[in-house]
Amino acid sequence: MNNTLSIEVGSQIIMLLAALMLVIQLLLVVQQMLLTNVRLFALQSLMLSAIATVVAYYYNATHIYIVAVLTLVGKVIFLPWLLNRIVRRINIVQEIEPLFSAPTSMLICGGLTLLSYLVARPFTTLHKLGNNTLAIAIALLLTGFFLMINRRKAITQVLALLTIENGVMLAAVALTTYGMPLVVELGIFFDVMVAVMVLGILVYRIRETFASMDTGKLDQLKG
Amino acid sequence: MDFSLTTIDPTSLLLLAMLGYVIGSVSGLVFCRWERLANFLSFGFATMGGACGTVACVLSLATGASSAPVQVLLLPPLIPYVQFTMRMDALGSFFGLIVSLLGFALSLYSLGYARGFFGRKNVGVLGLFFNLLILATTLVVMADNAFFFLMAWEVMALTAYCLVSFEHEKPETRSAGVLFFVMSHIGTGCIMLGFLLLFQTAGKVSGNYGPETYSFAGFHALTENANWLASGSRNAAFLLFLIGFGIKAGIVPLHTWLPAAHPVAPSNVSAFMSGVLIKMGIYGMTRVFFDFLGNPPMWWGVTVLTIGTVSAVLGVLYALMQHDLKRLLAYHSIENIGIILMGFGASLMFLHHDDLHASHPLLASLALIAGLYHTINHAVFKGLLFLGAGAVLHATHTRDMEHMGGLAKRMPQTAFCFLIGAVAISALPPLNGFVSEWLTYQSLLQGFGTTDSLLRLMFPIGGALLALTSALAAACFVKAFGITFLAQPRSEAAAKAHEASPTMLMGQGVLVAACVFLGLCPTLFLKVLDPLTQQLTGLQISQQLTTANGLVLSGVNQAGGTVSTLGIALFGIGLLSIPLGLWLVFGLKTKTRIAPTWDCGLQGLTPRMEYTATGFSKPIRMIFKALFRPRREVQRDYDFSPYFTTTLRFEAHVEEIFETRIYRPLNRWVLWASRRMRALQAGSLQAYLIYIFITLLLLLIFAL
Amino acid sequence: MNLDVLSIGLQTALLLLLAPLITGCIRNWKAKLQNRRGPRVWQPYFDLIKFLRKDMVISEHASWVFSAAPYIVFITALLVGLMVPMVTVQAPLSLFGGVLAVVGLLALGRFFMALGGLDPASTFGGMGSSREMTIAAIAEPALMLAIFTVAITVGSTDFSHIVATAQQPGWNLFNPAHLMAFAALFVVLLAETGRIPIDNPSTHLELTMIHEAMLLEYSGRYLALMEWGASIKQLVLMTILVNIFLPTGLAADWSATSLGLGMAVFLGKILLLSAAVVLVETANAKLRLFRVPDLLSAAFVLAAMALLSTFLFH
């Protein structure tokens, strides 16, 4: 392991960035402007790539550097640009009223965070660089799922899926020894890319058929 | 203490006080045809009794006589197995102090207040029951065995019912009285069951079932018994006593009788009920949880803390929605009981010890002191607020805040007393509410470090909810004081209001002095609580809580945080020199003009343009609408255009979820079940004979 | 009991003289960001002197509570300022109260200000009182929880003690718990001082006012005391924020160099925080009244997460 900067500093930086990722996730839950949501997601992915960089620095593992660069290019630059284009083309800039009001959804997210801390407690004794981040990863997963349930616009649900994927990536990068094999990382990455592009096309279709992005209207597609 | 004081025996002084109450009640009954004489005699003796009782209890606590209490036989043992013994131990003396102090102030107040009933109702009867109530309450706290306790408890409940139903010509009063009666007896039933459990266990342990078995000393001895500590019936006893005393104290969800009964009683009785009667529930809980039940499991403390927090938050939220002044104060009583129980719950959690965890007696004493200090604080400032509300009711003949206003100019002394009470109850420095809440916060904060489990999260969350409660209480009292006393009068009656009579003001003055004393000199009062914690947790901690020659209150150690209300008050007065200096330098030549309030160019502001109580609390109603489910109906009449309405009718409702979701369905179910059971009453002789025969057969089979 | 008269006098003077400057700076910088010239930075001083010199008009419906409120607001603000460490680690009145006394005294000032708004029987005053008490009530849990988080890690509610512990090397500024508590307290600062996005301090429309509405009927020296008190309260809350989370440069002794250094660093930190406030105010619009609880409950959850992080993040 590369030790020019002490391991504590690295651990603290990772902790700080992971906590900021969680805070951004909470902001995503309450924020209603779609463009801001896309930017918040970009910021979150930026932090994820920073975490990957720090882990790569300490373990001197080039393939994690590659993961960081891929995250940067794909999730910080390309995907937000794509989503931005979709939002502008559809010309819908604001989310409709969510299922739960803002204070209630904040409280639910707080409860989900607590739950994920409880679940992750047995793992915090591992001596790894980012062992505290498992709780944050699970929290990102749970709150991303909740975001998907809470919102009705398809774009936001796509964003929620992407944040879930951020959480999984965080767990993979920070917790596994030397990161996951590069092939697996690349596979997940391209999988997500394709999923987003398909969803982007579907969103156009939904818009054209129902003149709205409200996925609640999909229930008309019954037999 | 000079020589003469130490030779006064507190117990005899208290007996003198009780004699005073007896004479007062008898004279009220005997002279009931001569109103003024009955008023003067009955309430005069009650005042004297209250004064003697206060001195007796203070002496008992201060001189340490309470550590070695003397048993007094009140009446000869006429009935076998029943003993009428009382003793003034530390816990009894403390609550006796609350009863007597409030009895004194309220009786003084009643001398003037009862004049409002001359010609309408029988003041002698009021005096009779009032004296009996104070007497019964004193006996409840001083009783030495379970049987006498229950007797005094029942007399207390019955006289309270008679007093609540004093103005029984109003239907609202009658239904409130019946609700109070029913709930009180459900509570008494639970308490009786609890005592029976204790009696049974004590009898099994000691082998005999005589009168010593149900004495409180006998119950206290149970705490050393290992079998009792391991048994499940201890948990059953805890729950029974929690429910029984909780109904009396008014915890959520058992509180529905409180906001019904307290407003309809005469104001001196409401003050006594809110100030003292619900504290009897607290007395019972303290006696049982800390004295009889021994080492508490963790879940007891957690339950009490949770119930306390929920009661505090819900109590204040519902209080904000009231515009009946006395109902608002009744809901605040629920809130303050919640705060007291938060302190008790924390204390129970700290007292818990088992093989893995040690107990924290220092913190437990701190939390217990916080709860008990808040008990006496609440008694004092709630009594004061009800007395003020009574004076306002006396002057304006309405309880509805929406018809009051401008009373600060017409009743200045009452307004000042009410303001002191409002500042105290909102936990604002430097008065007493702030001190007890400070102690509660300190115990919650220090409690965080006591355990490693996730339960320790309860302490900061409880602290945050306590902060929410006191901030909402401050909002509520801005509304209560502002709408009632400030601005313009909203009705004829309010415009013609007159100041209260001198005895009413003196009664309020006593409580104002008590508030100020308890607020500015907490370290002096803490010495009085020493014998109490000695008895209940085994520690005396007032020395630890005092620094700097007794001027500053500190948490368990000085580094943990200190506060000095006296210092704040004195320094604040000293800082007045700055505005004074500024005035001298800049403003000597300025004049002050009295002019109408800015009216935006209209022809002057009318009382209809002032803010109303309902309007004041609207933001909170909207924010918490998931709890309140407010409904409103607006009906407009207009001549030629809807923009120029001629009449407007507005109705707003707030749902009381406990009544609609819990009590009404329960009510309906009970009535349904009773209707079904009516089928048993077939009317035929054969059927009844068959019932008796079947019961006999079953008993015989069971005995086999 | 060592109440150093000199330290009390100096800190009082600092509070009185610095508070209007901060208000003036915030107004001036906000204007500059909006491409206007804006009022001079010293304008609040001239305003205060002007108010002190003017005659007073008191409403005919008002009672003595109206006249008492300005004094109480002013004095509670000063008392609170004396309990908080500004330039030195040891605050002059730290023995008389800590965190809880500060919150309580600010609540006392707010109580009387609200009563003073209701007293003249003006509808706008009542509206301001109602909204102010509601917002304060919703902000309290977030404030308490954030401060409890800090107090729990230190083990004390005494500000000087908290700051002294924060200066030790084991304290980590970039601990996520502290950052989140700082963010929650920043939102509460905006709520308590009546800044956008919760209240607009420079609005002229009465229906959008919260703090200003309670001051509408005050004039002359009463208005001077109220405005000055509000500025001092703002300075004190900002001081709490910077000195707890960034306690560098606080003087530990009474030598001239450490005092001078402490003063300079303190000024720098306060001006930096004022710049942050100005940025937030300019970049956001005022929220509707019923959207304010959303913001404050977000601050509460942030503070709760800060609390969770203290013991789950070692």
Side-chain angles (χ1 to χ4, degrees), chain A residues 6 8-33 36 47 51 97-98 100-125 130-136 138-140 143 146, chain C residues 134-135 137-142 145-146 148-149 153 169-188 191 197-198 245-246 280 283-285 287-314:
Chain A
S6 77
E8 276 84 42
V9 175
S11 193
Q12 276 178 4
I13 295 178
I14 292 185
M15 223 162 62
L16 179 64
L17 288 172
L20 282 175
M21 281 178 79
L22 186 59
V23 171
I24 291 179
Q25 183 82 339
L26 285 177
L27 288 176
L28 270 173
V29 171
V30 285
Q31 179 59 250
Q32 288 198 339
M33 305 293 283
T36 317
M47 305 214 156
I51 292 181
E97 281 298 308
F100 295 103
S101 73
T104 319
S105 30
M106 288 298 279
L107 284 173
I108 292 178
C109 286
L112 290 172
T113 314
L114 181 59
L115 178 64
S116 45
Y117 276 138
L118 284 176
V119 166
R121 249 159 75 118
F123 295 95
T124 54
T125 53
N131 58 353
N132 292 314
T133 55
L134 182 62
I136 303 237
I138 301 180
L140 282 176
T143 44
F146 173 71
Chain C
T134 309
I135 291 180
I138 315 261
E140 284 282 304
L145 207 53
F148 265 18
T149 308
T153 40
W171 185 265
N172 182 11
L173 167 65
F174 288 107
N175 190 346
H178 295 151
L179 275 183
M180 289 197 262
F182 182 86
L185 275 178
F186 188 78
V187 175
V188 171
I198 285 137
F245 293 100
L246 200 62
V280 169
N284 286 305
L287 287 172
R288 259 185 70 205
L289 180 68
F290 292 119
R291 288 266 166 252
V292 172
D294 295 354
L295 178 64
L296 288 170
S297 64
F300 177 75
V301 173
L302 212 56
M305 292 217 311
L307 178 67
L308 276 179
S309 311
T310 53
F311 64 96
L312 287 170
F313 236 159
H314 35 244

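All values reported here derive from a predicted model rather than from experimental measurement. Order of the sequence lines fixes the chain letters, A, B, ..., with proteins taken first and strands second; residue numbering starts at 1 for each chain.
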Against chain C, label A/Leu26 side chain, backbone, both or neither, depending on which of its atoms sit under 4.5 Å from a heavy atom there. side chain
What's the separation between atom CG in A/Leu22 and atom OG in C/Ser309, rounded to the nearest 0.5 Å? 8.0 Å
Can you sort out the partners of C/Phe290 under ring pair (Phe, Tyr, Trp, His ring centres under 6.0 Å), two or more places apart, ordered by chain and number? none
Contact class of A/Val30 relative to chain C, heavy atoms under 4.5 angstrom: neither
Closest contact, heavy atoms only, C/Asp294 versus A/Pro103: OD1-CD, 3.1 Å
With a 4.5 angstrom heavy-atom cut-off, could you sort out which part of C/Ala304 is near chain A: side chain, backbone, both or neither? neither
Non-hydrogen atoms of chain C under 4.5 Å away: do they reach the side chain of A/Leu20, the backbone, both or neither? neither
Search all heavy atoms of A/Leu114 against all heavy atoms of C/Leu308 and return the closest pair with its distance. CD1-CD2, 3.4 Å
Which atoms of C/Leu302 are under 4.5 Å from chain A, going by heavy atoms: the side chain, the backbone, both sets, or neither? side chain
